[in-house]
Visitor: 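Sharing a structure below in structure tokens format, with a few things to ask.
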Amino acid sequence: MPKGSKTTLFISSTCYDLSQVRTDLRDFAESIGMEPILSDFDSFPINPNESTLSNCLGNVRNRTDIFVLVVGGRYGSIVDTGKSITNLEYFEAKAKRIPKYIFIKDEILALLPIWKANPDADYSSVVDNSSLFKFIVDLRESGDIWVFPFSNAQNIIGTLRKQLREGANKRGNSSRLTQSF
């Protein structure tokens with residue numbers, strides 16, 4: 001990152017069901033001196049010659065310093081690979097080897113044992129696509145990343161505040177960013 005530029009925080013999630021959470025996370029990032037990157041805001045950098053997917057993945061690849069994935073009850077838009085854009089954003093961040101913080105709605109986590117016991121049941125009253133459960137299981141069982149439960153945006157903000165402060169302290173970073181926590 002060039003000297004003097006802000007640390008960027010990419011918020012990956014479905015937009016419609018988590019719009020207030022996304023707004024709260026954007027406000028939090030700005031309050032601690034980070035540049036939030038969210039696809040549903042007009043500040044999201046786009047290349048009008050590229051697809052939605054290419055723009056999202058390009059922003060993770062080329063502009064993101066810290067990646068936050070928030071999973072609620074929607075799997076998201078599915079592309080040709082059979083994966084959702086949100087899934088592919090996570091894989092892009094993983095390939096980039098940047099810090100990743102994963103938050104999953106606690107009520108969805110509570111359903112995982114039931115889904116595992118009966119994956120063919122109808123869960124449409126809770127999730128838009130049962131592939132969401134598979135994605136969550138893959139995240140939790142990979143051993144690559146810690147997964148935090150949440151019930152509201154304040155849970156996520158509280159956890160991020162602690163985790164980002166700890167990460168900055170471990171790196172010996174005494175910048176304005178760490179003082180904002």
Side-chain angles (χ1 to χ4, degrees), residues 1-15 18 21-41 43-47 50-72 75-77 79 81 83-105 109 132 134-150 153 155-181:
M1 164 180 22
K3 186 171 176 74
S5 63
K6 290 183 177 183
T7 300
T8 57
L9 185 73
F10 190 100
I11 309 298
S12 176
S13 75
T14 52
C15 295
L18 296 169
V21 170
R22 293 173 63 79
T23 298
D24 291 348
L25 290 175
R26 179 200 61 186
D27 294 347
F28 166 69
E30 290 174 343
S31 77
I32 61 169
M34 288 186 167
E35 178 187 342
I37 303 174
L38 297 99
S39 64
D40 51 334
F41 289 91
S43 59
F44 188 74
I46 64 163
N47 177 341
E50 297 288 330
S51 69
T52 301
L53 176 61
S54 293
N55 274 291
C56 290
L57 297 181
N59 274 294
V60 173
R61 184 180 318 109
N62 301 320
R63 302 195 72 238
T64 302
D65 298 314
I66 299 171
F67 182 85
V68 175
L69 173 63
V70 182
V71 179
Y75 186 63
S77 299
V79 297
T81 63
K83 301 286 184 189
S84 74
I85 292 175
T86 306
N87 290 179
L88 296 175
E89 289 170 343
Y90 169 76
F91 296 133
E92 192 70 33
K94 184 177 177 179
K96 187 174 177 180
R97 303 178 61 87
I98 57 175
K100 295 172 293 305
Y101 297 94
I102 312 303
F103 297 90
I104 301 174
K105 190 83 167 156
L109 286 173
L132 179 68
K134 174 77 170 104
F135 179 52
I136 293 169
V137 167
D138 290 346
L139 287 170
R140 293 182 72 203
E141 293 180 356
S142 72
D144 293 340
I145 190 78
W146 194 271
V147 174
F148 298 95
F150 81 95
N155 297 145
I156 298 170
I157 290 168
T159 300
L160 281 175
R161 189 177 303 279
K162 291 173 194 165
Q163 294 299 318
L164 294 172
R165 178 179 35 227
E166 185 64 28
N169 289 338
K170 285 183 180 177
R171 290 186 301 275
N173 186 348
S174 60
S175 70
R176 184 178 68 80
L177 177 63
T178 60
Q179 296 167 7
S180 301
F181 297 116

Visitor: Between atom CD of Glu89 and atom CG of Leu53, what is the distance when rounded to the nearest 0.5 Å?
Guide: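 Between atom CD of Glu89 and atom CG of Leu53 there are 8.0 Å.
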Visitor: Mind checking the CD1-OG1 spacing from Ile32 to Thr7? Nearest 0.5 Å is all I need.
Guide: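 The CD1 atom of Ile32 sits 8.5 Å away from the OG1 atom of Thr7.
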Visitor: I'd like to check Ile66 versus Met34 (side-chain heavy atoms, cut-off strictly below 4.5 Å). Are they in contact?
Guide: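 They are in side-chain contact.
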Visitor: Closest heavy-atom contact between Val71 and Phe150?
Guide: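 Nearest pair, atom of Val71 first, then Phe150: O-CE2, 3.5 Å.
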Visitor: How would you list, by chain and number, every residue that makes a salt bridge (charged side-chain N to carboxylate O under 4.0 Å, His left out) with Glu30, sequence neighbours excluded?
Guide: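 In terms of salt bridge (charged side-chain N to carboxylate O under 4.0 Å, His left out), with neighbours along the sequence ignored, Glu30 is linked to no residue.
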Visitor: For the atom pair NZ (Lys100) and CD1 (Ile145), what is the distance rounded to the nearest 0.5 Å?
Guide: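 Going from NZ on Lys100 over to CD1 on Ile145, the span is 5.0 Å.
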Visitor: Report yes or no: does Thr8 contribute a side-chain atom to a donor-acceptor pair with the main-chain N or O of Asp65 at less than 3.5 Å?
Guide: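 Here the side-chain-to-backbone pair exists.
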Visitor: Could you tell me whether the side chain of Phe148 reaches within less than 4.5 Å of the side chain of Ile104, counting heavy atoms only?
Guide: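 A side-chain contact is absent here, since even the closest heavy-atom pair is not under 4.5 Å.
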Visitor: Measure across Gly72 and Lys105 and return the closest heavy-atom pair with its distance rounded to 0.1 Å.
Guide: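 Where Gly72 meets Lys105 most closely, the heavy atoms are CA-CB, 4.1 Å.
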Visitor: Under the salt bridge (charged side-chain N to carboxylate O under 4.0 Å, His left out) rule, collect the residues that match up with Lys134, sequence neighbours excluded.
Guide: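 Asp138.
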Visitor: Under a 4.5 Å cut-off applied to non-hydrogen side-chain atoms, are Phe103 and Val21 in contact?
Guide: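 Result no, sub-4.5 Å side-chain heavy-atom pair not found.
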Visitor: To the nearest 0.5 Å, what is the distance between CD1 on Ile102 and CG on Leu139?
Guide: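 One gets 6.0 Å once the value is rounded to the nearest 0.5 Å.
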Visitor: Closest heavy-atom contact between Arg61 and Glu92?
Guide: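 Answer, listing the atom of Arg61 first, then Glu92: NE-OE2, 2.9 Å.
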Visitor: For Asn47, what residues pass the side-chain contact (heavy atoms from CB on, under 4.5 Å) criterion, not counting sequence neighbours?
Guide: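 For Asn47, the residues satisfying side-chain contact (heavy atoms from CB on, under 4.5 Å) (neighbours in sequence not counted) are Asn49, Glu50, Asn55.
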Visitor: To the nearest 0.5 Å, what is the distance between SG on Cys15 and CZ on Phe41?
Guide: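 Cys15 SG to Phe41 CZ: 8.5 Å, rounded to 0.5 Å.
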Visitor: Taking Ser43 for the side chain and Ile37 for the main chain, is one N or O donor matched with an acceptor at less than 3.5 Å?
Guide: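 No; zero donor-acceptor contacts below 3.5 Å.
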Visitor: Using the test ring pair (Phe, Tyr, Trp, His ring centres under 6.0 Å), find all partners of Phe10 that sit at least two apart in sequence or belong to another chain.
Guide: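 So Phe10 forms a ring pair (Phe, Tyr, Trp, His ring centres under 6.0 Å) with Phe67.
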Visitor: Run the side-chain contact (heavy atoms from CB on, under 4.5 Å) test against Arg140 and tell me which residues pass, sequence neighbours left out.
Guide: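 Partners of Arg140 under the side-chain contact (heavy atoms from CB on, under 4.5 Å) test: Leu109, Leu112, Ile136, Val147.
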Visitor: By side chain to side chain donor-acceptor pair (under 3.5 Å), which residues pair with Ser39, not counting sequence neighbours?
Guide: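 Partners of Ser39 by the side chain to side chain donor-acceptor pair (under 3.5 Å) criterion come out as none, since no residue qualifies.
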Visitor: Can you measure from CG (Leu57) to CD1 (Ile85) and round to the nearest 0.5 angstrom?
Guide: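 The CD1 atom of Ile85 is 8.0 Å from CG of Leu57, to the nearest 0.5 Å.
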Visitor: Going by the rule side chain to side chain donor-acceptor pair (under 3.5 Å), which residues pair with Lys94 if we only count those two or more places apart in sequence or in a different chain?
Guide: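 By the side chain to side chain donor-acceptor pair (under 3.5 Å) rule, Lys94 matches Asp144.
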Visitor: Could you pull out all residues at least two apart from Ser13 that satisfy side-chain contact (heavy atoms from CB on, under 4.5 Å)?
Guide: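 So Ser13 forms a side-chain contact (heavy atoms from CB on, under 4.5 Å) with Leu18, Arg22, Val70.
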Visitor: Who passes side chain to side chain donor-acceptor pair (under 3.5 Å) against Asn155, sequence neighbours left out?
Guide: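 By the side chain to side chain donor-acceptor pair (under 3.5 Å) rule, Asn155 matches Ser151.
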Visitor: With side-chain contact (heavy atoms from CB on, under 4.5 Å) as the test, would you mind laying out the steps for Thr159 and Tyr101 before giving the verdict?
Guide: CA-CA 9 Å; Thr159 300; Tyr101 297 94; over 6 Å; no
Visitor: Spell out, as yes or no, whether a donor-acceptor pair under 3.5 Å connects the side chain of Asn59 to the backbone of Phe44.
Guide: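 The answer is no, because no donor-acceptor pair under 3.5 Å joins these two groups.
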Visitor: Would you indicate whether the side-chain heavy atoms of Pro36 and Phe28 approach each other to under 4.5 Å?
Guide: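 A side-chain contact is absent here, since even the closest heavy-atom pair is not under 4.5 Å.
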Visitor: Considering residues at least two apart in sequence or located in another chain, which fulfil the ring pair (Phe, Tyr, Trp, His ring centres under 6.0 Å) criterion with Tyr75?
Guide: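 Checked Tyr75 against ring pair (Phe, Tyr, Trp, His ring centres under 6.0 Å); zero matches.
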Visitor: Could I get the full list of side-chain contact (heavy atoms from CB on, under 4.5 Å) partners for Asp24, not counting sequence neighbours?
Guide: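 If we apply the side-chain contact (heavy atoms from CB on, under 4.5 Å) test to Asp24, skipping adjacent residues, the hits are Gln20, Ala153, Gln154, Ile157.
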Visitor: Does Thr23 have any side chain to side chain donor-acceptor pair (under 3.5 Å) partners at least two apart in sequence or in another chain, and if so, which?
Guide: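 Expected list: none.
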